[in-house]
Amino acid sequence: QMQLVESGGGLVQPGGSLRLSCATSGIFFSISTMGWYRQAPGKQRELVATITTGGSTNYVDSVKGRFTISRDNAKKTVYLQMNSLKPEDTAVYYCNLPTPIRDYWGQGTQVTVSS
């Protein structure tokens, strides 16, 4: 029943923008911090941004000032607005919903930044 589905990835030129969405089902969204992670080929998955239920946000240094995480509790959806994209942002981006029992992950959406 608990599902996370990312969308919005694609191919974009350096300096461009994308908005990723993570639509969720189930009962946990409204009481959980949400996170966006990314994983480039051959590299470890890294935390990109988090947002608490109260709207407090944190970002990895490399994306500060360029990415914005937000959430819409009515839609049970978390977003990642990505501006001024760089080639080093290329990765599969994953939505994460942590719970005391287990972490829930989406299937990932590919973001490729290339000219």
Looking at side-chain heavy atoms only, is the closest gap between [X] and [Y] below 4.5 Å?
X	Y	result
Tyr79	Cys22	no
Arg45	Trp105	yes
Met2	Leu97	yes
Val60	Leu47	no
Gln110	Leu11	no

Just by distance, do the side chain of [X] and the backbone of [Y] share a donor-acceptor pair under 3.5 Å?
X	Y	result
Ser25	Gln3	yes
Gln107	Glu6	yes
Arg71	Gly54	no
Ser115	Gln13	no

* Asked: Crowded around Gln44 CD? As in, over 12 foreign heavy atoms under 6.0 Å?
  -> no

* To do: For Asp89 and Phe67, run side-chain contact (heavy atoms from CB on, under 4.5 Å): C-alpha distance rounded to whole Å, both residues' side-chain angles, the deciding distance at 0.1 Å, then the answer.
  => CA-CA 11 Å; Asp89 296 317; Phe67 290 10; 3.9 Å; yes

Looking only at non-hydrogen atoms, find the nearest pair between [X] and [Y] and report the distance.
X	Y	answer
Val78	Cys95	CG1-SG, 3.6 Å
Ser21	Thr77	CB-CG2, 4.4 Å
Ala91	Ala40	CB-N, 3.8 Å
Thr33	Thr53	N-CG2, 4.3 Å
Val12	Gly16	CG2-CA, 3.8 Å
Arg102	Thr99	O-OG1, 2.6 Å

Rounded distance [0.5 Å steps], [atom1] in [X] versus [atom2] in [Y]:
X	Y	atom1	atom2	value
Phe28	Ile101	CZ	CD1	6.0 Å
Ser62	Glu88	OG	CD	8.5 Å
Leu20	Arg38	CG	CZ	11.0 Å
Ser32	Lys76	OG	NZ	12.5 Å
Ile31	Asn73	CD1	CG	11.5 Å
Tyr93	Leu80	OH	CG	7.0 Å

* Structure fact -> From the list Thr50, Thr68, Ile69, side chain to side chain contact (heavy atoms under 4.5 Å, CB included) partner of Thr57 resolves to Ile69

Answer yes if [X] and [Y] sit in the same cluster of Ile, Leu, Val, Met, Phe, Trp and Tyr residues linked by side chain heavy atoms under 4.5 Å apart, and no otherwise.
X	Y	value
Tyr37	Phe29	no
Tyr94	Val63	no
Tyr104	Ile27	yes

* Quick one: do Met34 and Thr24 satisfy side-chain contact (heavy atoms from CB on, under 4.5 Å)? Show the steps, please. => CA-CA 11 Å; Met34 298 294 297; Thr24 72; 4.2 Å; yes

